Amino acid sequence: EVKLVESGGGLVQAGRSLRLSCAASGLTSDEQAILWFRQAPGKEREGLACISTFDGSTAYGDSVKGRSTISSDNAKTQTTVFLQMNSLKPDDTAVYYCAADLICGTNHGGSFYFVDPDYWGQGTQVTVSL
């Protein structure tokens, strides 16, 4: 059974950094990508970043590109994926979710689209104050 547990959320001041963690267990060969999404109240879910546990390749959404880094620690029974977010802004306030799927996404028409993952964690709240 695939299990995803997020941690590291909380209240942080604008301009500071935060590192979110996703503990992923039960992954099979059908889940080789770990993704981060977020959803703010009244807004659509947004893909942020993804890392392939197969080859370590990464992808980022426009809203976090250049100020976030996704990385992973692949242990025997559990994979932990980190999302380091810097220069946080109040607009970054949202519930952050990690998710798992076979691939990160697809390229279409010159743009990258994150997949709609099969497995999701419960989410962790991030609140950025002025």
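Everything numeric in this text was worked out from a predicted model, so none of it was measured. The residues of the chain are indexed from 1 along the displayed sequence.
For Gln78 (side chain) and Ala75 (main-chain N/O), no donor-acceptor pair under 3.5 Å exists by modelled atom type.
Atoms OG and CZ, from Ser87 and Arg16 in turn, are 12.0 Å apart once rounded to the nearest 0.5 Å. Between atom CG of residue Asp101 and atom CG of residue Leu35 there is a gap of 7.0 Å, rounded to the nearest 0.5 Å. To the nearest 0.5 Å, the span separating OG1 on Thr69 from CG on Asn86 amounts to 6.5 Å. The distance from the OH atom of Tyr97 to the CZ atom of Phe37 is 12.0 Å, given to the nearest 0.5 Å.
Nearest heavy-atom pair, Gln125 versus Ala94, reported as atom, atom and distance to 0.1 Å: NE2-O, 3.4 Å. Listed here is the closest heavy atom pair of Gly123 and Glu6: N-OE1, 2.9 Å.
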For this session: Apply side chain to side chain contact (heavy atoms under 4.5 Å, CB included) to Tyr60 and Ile70, showing your working.
Result: CA-CA 9 Å; Tyr60 294 91; Ile70 189 169; 3.4 Å; yes
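Salt bridge present: Lys65 and Asp62 bring a charged side-chain N and a carboxylate O closer than 4.0 Å. Note on Asp116 versus Arg45: salt bridge recorded, some NZ/NE/NH1/NH2 to OD/OE distance being below 4.0 Å.
Between Thr77 and Ser25 the shortest side-chain heavy-atom distance does not fall below 4.5 Å.
Note on Val81 and Ile103: separate hydrophobic clusters, where clusters join Ile, Leu, Val, Met, Phe, Trp and Tyr whose side-chain heavy atoms are under 4.5 Å apart, directly or indirectly.
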